[in-house]
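The structure appears below as structure tokens.
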Amino acid sequence: MRLSAYFLPTLKENPSEAQIVSHRLMLRAGMIRQTGAGIYAWLPLGQRVLKRIERIVREEQDASGAQELLMPTIQPAELWRESGRYDDYGKEMLRIRDRHDREMLYGPTNEEMITDIFKNSCKSYRDLPKNLYHIQWKFRDEIRPRFGVMRGREFLMKDAYSFDLDAAGARRAYQKMFLAYLRTFARLGLKAIPMRAESGAIGGNLSHEFIILAETGESGVFCDRTWLDLDVMAEAPGFDDDLERFFARATGIYAATDEKHDAADCPIPADRLVSARGIEVGHIFYFGTKYSKPLGAVVAGPDGEPVAVEMGSYGIGVSRLAGAIIEASHDEAGIIWPDSVAPFQVGLINLKSGDAACDRVAAEVYGDLRRAGVEVLYDDRAERPGVKFADMDLIGVPWQVLVGPRGVKSGVVELKRRATGERAELSRDSALAKLTGPA
RNA sequence: CCGGGCAUAGCACAGCCAGGCAGUGCGCCUGUUUUGGGUACAGGAGGUCGCAGGUUCGAAUCCUGCUGCCCGGACCA
């Protein structure tokens, strides 16, 4: 992509409405624009990041055996009356009426709808187990949205729903998602700690929140110091292996949200306890027959007797993750994207646009990278080098390739790693090899 | 929802107290200059001063009502 033609409205100054760093940087880097309290438009750069995050989430869901579908954003109120949540959800649910005066709602979650879809087609224990998910926009009418996309009213969420014949099966489904979540967050370049959590309005009695530690986190959390240096994925099993041991070990190291933490009854000594703030990026629940019973999701068991299916639900805040990753990875100059979610892999800077030799070399490097399948943002604007450096640092592209008069003369380009600031002068071929070779 | 604050050009803000030509910096456009970390100079474009009403010869400025947004809290997968 040539930057001269790209819609990338970066800002030099901080918009006054943005207080926390991820919100400021997302606005300044031209990723998002606010259209109302807690409601954002995603501009091309932000959309690219969202798609990258979504893809990793999708790949890990698929790898775990879950199947993707897509449910609507608008739901009939009737479904929610059956579960009793139409009243329970309160003002956080956005309620609307269609032209026939039918009561509808903009879905805050999809337990009722998926259970309804499931029950209409799955009648036998032979149809189990199933895990169905989608990645869809949700709306929760938060009293007080804040922190940009991290606490928006409209947000993109992956939600999965598991159906099993018995509690043992549901436990395995829960553990598979537990593993899928750890794999997902690791790939996103995040250290997410699974913490015992309240199950809230979803209901149920087994629940973990996946938390990233960050000063700007919304909730207080507590964990064993061991977590700070632990690479929990080092000994992670495959999805088809026995997950019980891994699950026991990962959940055996103390970690709890403040609702679940009791200082008077804490299993670890004070000098090992870390008190911090965290951003919730995922939440998983086992809730048994809470929805299957009222909604009639019943299958015939092996003995022919009806059995209400055992369910769980599993959420990942996809749009929130864009903000959370920035909270965890930025510096004074701007965003530092992990390679896995970067909107472009390489930012190519022509330091002297208009100079025939620089234009030629930059265009050739651009072509070479594109042919090699690298997503590259080529800054071909007639701007000062300083402006280009500042913009490229701000938007956080992991690698920068600098083409300037000096290097062109001696036949080299400069390669800069955004995260470390490390630079090296290389021949064009070795730079290309480095950027297209194995990571 | 409670409490506090803000609303003037794309962005950040001054002007309001004490009514009298709509301003500054950045950004944007044109030209010159400069060319390895947001360059310099000159010229230019850009405004329903959030909306509605009131007071006044005259309102960005004073008064009333409304709306939107932000912050703290409570709430919240």
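Residue numbers begin at 1 in each chain, while the letters A, B, ... track the order of the sequences.
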Report task. Please report, rounded to the nearest Å, how far the C1' atom of B:U39 is from the CZ atom of A:Phe389. Result -> 14 Å

**Report entry** Complement of B:C26, any strand, by Watson-Crick or G-U distances under 3.5 angstrom
**Finding:** B:G10

Query raised in the report: Rounding to the closest angstrom, what is the interatomic distance between B:C2 and B:U24 at atom P?
Result: 42 Å

Query raised in the report: Do A:Phe185 and A:Phe210 make the cut of ring centroids closer than 6.0 angstrom?
Result: yes

Query raised in the report: Does a side-chain N or O from A:Ser16 land closer than 4.0 Å to OP1 or OP2 of B:A12, or not?
Result: yes

**Report entry** Nearest-angstrom distance, C1' atom, B:G23 to B:U8
**Finding:** 10 Å

Query raised in the report: Which comes earlier along RNA chain B counting from the 5' end, the contact point of A:Arg381 or that of A:Gly38, where each point is its nearest nucleotide?
Result: A:Arg381

Query raised in the report: Taking the six-membered ring of A:Phe389 as reference, does the NZ or CZ atom of A:Arg384 fall below 6.0 Å from its centre and within a 45° cone about the axis?
Result: no

Query raised in the report: C1' atom, B:C11 versus B:C28: distance in rounded Å?
Result: 12 Å

Report task. Return the value, rounded to whole Å, for the distance between atom NZ of A:Lys416 and atom C1' of B:G36. Result -> 11 Å

Requested in this report: Would you mind reading off the distance between A:Glu142 atom CD and B:C71 atom C1', rounded to a whole angstrom?
Outcome: 17 Å

Query raised in the report: Less than 6.0 Å separating the ring centroids of A:Tyr174 and A:Tyr286?
Result: no

Query raised in the report: So what does A:Arg423 touch, heavy atoms closer than 4.0 Å: a base, only the sugar-phosphate, or nothing?
Result: base

Query raised in the report: Between B:C28, B:G36, B:G27, which one does the side chain of A:Lys12 approach most closely?
Result: B:G27

Report task. Name the closest nucleotide to the A:Arg151 side chain, picking from B:C26, B:C76, B:G36. Result -> B:C76

Report task. Using a 4.0 Å heavy-atom cut-off across all strands, classify A:Gly404 as base, sugar-phosphate, or nothing. Result -> base

Query raised in the report: Does the distance from a Lys or Arg side-chain N to an Asp or Glu carboxylate O, for A:Arg153 and A:Glu142, drop under 4.0 Å?
Result: no

Query raised in the report: Is A:Glu209 touching bases, backbone alone, or none of the nucleic acid, heavy atoms closer than 4.0 Å?
Result: nothing

Query raised in the report: Hey, do the aromatic rings of A:Phe285 and A:His283 have their centres closer than 6.0 Å?
Result: yes

Query raised in the report: Choosing from B:G72, B:G36, B:C75, which nucleotide comes nearest the side chain of A:Arg144?
Result: B:G72

Report summary line: RNA chain B nearest-nucleotide lookup for A:Pro145 and A:Glu425: closer to the 5′ end is A:Glu425

**Report entry** B:C6 to B:A12 separation - C1' atoms, rounded to the nearest Å
**Finding:** 14 Å

Query raised in the report: With a 4.0 Å cut-off on heavy atoms, is A:Ala37 in touch with a base, just the backbone sugar-phosphate, or nothing at all?
Result: sugar-phosphate

Query raised in the report: B:G43 and B:U48: how far apart are their C1' atoms, nearest whole angstrom?
Result: 28 Å

**Report entry** Pairing partner of B:G58 (Watson-Crick or G-U wobble, both distances under 3.5 Å)
**Finding:** none

Query - Of the listed nucleotides B:G36, B:C70, B:C71, the one nearest the side chain of A:Arg146 - result: B:C71

Query raised in the report: Rounded to whole angstroms, how far apart are CD on A:Gln34 and C1' on B:C69?
Result: 7 Å

Requested in this report: May I ask which nucleotide in the shown strands pairs with B:U39, Watson-Crick or G-U wobble, both distances under 3.5 Å?
Outcome: none

Query raised in the report: Touch check for A:Phe147, heavy atoms < 4.0 angstrom, all strands: base, sugar-phosphate only, or nothing?
Result: nothing

Query raised in the report: So, are A:Glu154 and A:Lys138 salt-bridged, with charged N and O less than 4.0 Å apart?
Result: no

Query raised in the report: Do NZ/NE/NH1/NH2 and the carboxylate oxygens of A:Glu422 and A:Lys416 come within less than 4.0 Å?
Result: no

Report summary line: When rounded to whole Å, the CG to P distance for the pair A:Asn350 and B:U35 reads 16 Å

Query raised in the report: Contact class for A:Lys138 vs. all strands (heavy atom < 4.0 Å): base, sugar-phosphate, or nothing?
Result: nothing

Requested in this report: Could you check whether A:Asp159 gets within reach of a base, just the sugar-phosphate, or nothing at all, counting any heavy atom under 4.0 Å?
Outcome: nothing

Query raised in the report: After noting the C-alpha distance and the side-chain angles of A:Phe155 and A:Trp137, does the key distance pass the ring pair (Phe, Tyr, Trp, His ring centres under 6.0 Å) rule?
Result: CA-CA 5 Å; A:Phe155 56 96; A:Trp137 293 92; 8.2 Å; no

Requested in this report: Would you kindly give the CD1-to-P distance between A:Ile143 and B:A77, to the nearest whole Å?
Outcome: 11 Å

Query raised in the report: Which part of the nucleic acid, if any, lies within reach of A:Arg28 when heavy atoms closer than 4.0 Å are counted: base, sugar-phosphate only, or nothing?
Result: base

Report task. Tell me what A:Gly36 touches on the nucleic acid: a base, only sugar-phosphate, or nothing, going by heavy atoms under 4.0 Å. Result -> sugar-phosphate

Query - Nearest-angstrom distance, P atom, B:C62 to B:G20 - result: 11 Å

Requested in this report: Quickly work out the A:Lys91 NZ to B:C2 C1' distance and round it to whole Å.
Outcome: 14 Å

Requested in this report: Respond yes when some side-chain nitrogen or oxygen of A:Ser207 is under 4.0 Å from OP1 or OP2 of B:A77, and no when none is.
Outcome: no

Query raised in the report: Does a salt bridge link A:Asp331 with A:Arg418, judged by any charged N lying under 4.0 Å from a carboxylate O?
Result: yes

Query raised in the report: The side chain of A:Pro15 lies closest to which of these nucleotides: B:C70, B:C11, B:G37?
Result: B:C11

Report task. For nucleotides B:U67 and B:A52, find the distance between their C1' atoms and express it as a whole number of Å. Result -> 10 Å

Report summary line: By the Watson-Crick or G-U definition, both distances under 3.5 Å, B:G50 is matched with B:C66

Report task. Report the nucleotide, chosen from B:C11, B:C28, B:C76, that has the shortest atom-to-atom distance to any side-chain atom of A:Glu13. Result -> B:C11

Query raised in the report: Taking the side chain of A:Asp391 as heavy atoms from C-beta outward, which of B:C71, B:C13, B:G38 is closest to it?
Result: B:G38

Report task. Using a heavy-atom cut-off of under 4.0 Å over every strand shown, decide if A:Leu402 touches base, sugar-phosphate, or nothing. Result -> base

Query raised in the report: Say you pick atom P in B:G25 and the same atom in B:A14; how far apart are they, in whole Å?
Result: 16 Å

Query raised in the report: Starting at CG of A:Leu8 and ending at P of B:G10, how long is that distance when rounded to a whole Å?
Result: 20 Å

**Report entry** Candidates B:C69, B:G38, B:G36 - which lies nearest the side chain of A:Glu414
**Finding:** B:G36

